[in-house]
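These notes concern the structure reproduced below.
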Amino acid sequence: TATFGFDLDQVDQTNNVRLRGTVDFLSDSTRIVMEPSTLKLLEREWTFNEDNYIKVRNSGWRFNDLTLQNGDQAITIDGLVSENPSHILKLDVQRLDLSLLNVLTDKKFTGTMNGRVKMSNYYGDRSLENEIAVRELNINNFLIGDITGKNEWDTAHHRFNINLAIDRTQHRIMDLSGDYTPDRTVSPLNISANLKEANLKIVEPFIEDILSNIEGTISGDFKIVGQLASPQISGEGKVADAQIMINYLKTLYRFTGKIG
């Protein structure tokens, strides 16, 4: 058995790593265990659980309950990476407090996130899927809502099938479904979005340098195509009791009607 230690401190930040572990060279594999260690990341102190190990044998990797914990928050890697296409590697996120993002941005986040990413057939035609559930997401004290989503890699058509929904105060305000096909170079995006009295203020945290004091709702059906970096949106929607402030002009506009 060999032991190892690794210490790292980020300059001008409180983030640091104090990593300790052991390595056992077995007759048919190598076994790595993370001993009691601390990682201070994003102003939170994380520790490894006690029952973790990583076993390496030829091209196969076995992750057993490799978990970082902070209170009731946990991030876990568990499963197998091997040449067997049925073996699955999972990444689980449990009760992640989104306020940890506040140290990365001037925006204020609250809410909790649970999620899972599953990967199989790593050495072949990889399959990837993920699920996410965010409860009571608030940005700058404005309720975005509950977000649920599932994305799955379609190996037959080489595309991501995408489904996403937002519920706000127990009302479904957005349904989004479609696919993203990387090999389709002209327009890899093919997404349909249905909005039902979605509050326009949801977008304000992301465009507040240009527009502010956003109010009103929008309902309608839209199509999103083109490139991920520059999507093209078409469709028709009904806007009710809307207002926006164009920051450069210091002018407030109010309007109701159709767009598209």
Side-chain angles (χ1 to χ4, degrees), residues 1-24 30-56 61-81 87-120 122 128-152 164-168 202 205-206:
T1 300
T3 62
F4 64 87
F6 180 72
D7 295 336
L8 178 67
D9 293 270
Q10 185 177 359
V11 177
D12 299 326
Q13 299 288 333
T14 60
N15 297 327
N16 61 64
V17 175
R18 304 287 182 264
L19 191 62
R20 303 290 182 266
T22 61
V23 181
D24 288 319
T30 301
R31 189 172 186 266
I32 305 167
V33 175
M34 298 301 174
E35 299 292 345
S37 307
T38 59
L39 290 79
K40 190 170 185 181
L41 304 172
L42 302 178
E43 305 295 334
R44 311 289 172 89
E45 191 167 285
W46 301 80
T47 58
F48 284 102
N49 71 320
E50 296 181 356
D51 299 323
N52 74 84
Y53 67 80
I54 304 169
K55 186 175 283 188
V56 184
W61 291 70
R62 172 73 169 99
F63 293 83
N64 184 80
D65 200 17
L66 185 62
T67 300
L68 277 173
Q69 295 175 310
N70 170 267
D72 62 355
Q73 304 177 87
I75 301 172
T76 300
I77 299 176
D78 191 87
L80 283 164
V81 173
H87 286 164
I88 296 173
L89 182 68
K90 296 179 292 185
L91 171 67
D92 284 309
V93 177
Q94 299 177 21
R95 296 181 292 276
L96 189 67
D97 182 356
L98 295 180
S99 66
L100 61 81
L101 299 175
N102 296 344
V103 301
L104 301 176
T105 175
D106 58 357
K107 297 176 177 60
K108 181 181 178 182
F109 288 81
T110 62
T112 58
M113 183 181 79
N114 292 281
R116 168 171 285 188
V117 179
K118 295 168 62 176
M119 181 182 68
S120 60
Y122 177 80
L128 186 69
E129 64 179 81
N130 65 75
E131 297 180 50
I132 186 173
V134 179
R135 292 281 297 168
E136 296 183 351
L137 174 62
N138 283 260
I139 303 178
N140 294 344
N141 297 314
F142 178 79
L143 177 65
I144 303 297
D146 298 335
I147 301 173
T148 55
K150 183 175 182 179
N151 307 310
E152 186 172 3
L164 184 73
I166 300 179
D167 296 289
R168 188 174 188 271
I202 286 176
F206 309 102

What is the distance from atom [atom1] of [X] to atom [atom2] of [Y], rounded to the nearest 0.5 Å?
{"X": "Lys90", "Y": "Asp78", "atom1": "NZ", "atom2": "CG", "answer": "5.5 Å"}
{"X": "Arg62", "Y": "Tyr53", "atom1": "CZ", "atom2": "OH", "answer": "5.0 Å"}
{"X": "Leu91", "Y": "Thr76", "atom1": "CG", "atom2": "OG1", "answer": "8.0 Å"}
{"X": "Leu104", "Y": "Leu42", "atom1": "CG", "atom2": "CG", "answer": "5.0 Å"}
{"X": "Leu96", "Y": "Asp72", "atom1": "CG", "atom2": "CG", "answer": "10.0 Å"}
{"X": "Asp65", "Y": "Met34", "atom1": "CG", "atom2": "CE", "answer": "13.0 Å"}

Selection residues 102-117 - residue pairs positive for salt bridge (charged side-chain N to carboxylate O under 4.0 Å, His left out), sequence neighbours left out:
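Applying salt bridge (charged side-chain N to carboxylate O under 4.0 Å, His left out) to every pair that reaches into residues 102-117, excluding sequence neighbours, yields Asp92-Arg116, Lys107-Glu208.
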Carboxylate-amine/guanidinium proximity below 4.0 Å for Asp7 and Arg20
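Between Arg20 and Asp7 there is a salt bridge, with a charged N closer than 4.0 Å to a carboxylate O.
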Under the salt bridge (Lys or Arg N to Asp or Glu O under 4.0 Å) rule, what do Arg135 and Asp167 come out as? Steps first, then yes or no, please.
CA-CA 10 Å; Arg135 292 281 297 168; Asp167 296 289; over 6 Å; no
Count the heavy atoms belonging to other residues, nucleotides or ligands that lie under 6.0 Å from CD of Glu35, then report whether that count exceeds 12.
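Check passes, neighbour count above 12.
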For Tyr122, is the OH atom crowded, meaning more than 12 foreign heavy atoms sit under 6.0 Å from it?
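No - once you tally the heavy atoms of other residues, nucleotides and ligands closer than 6.0 Å, there are 12 at most.
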Does some side-chain heavy atom of Asn114 sit less than 4.5 Å from a side-chain heavy atom of Arg95?
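Yes, at least one pair of side-chain atoms sits under 4.5 Å.
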I want to check something: taking the side chain as every heavy atom from C-beta on, are Asn52 and Phe63 in contact at a cut-off of under 4.5 Å?
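A side-chain contact under 4.5 Å is absent here.
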Is it the case that the side chains of Thr110 and Glu136 hold a donor-acceptor pair, with the cut-off being a distance below 3.5 Å and no angle test?
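Distance-only check fails for Glu136 and Thr110.
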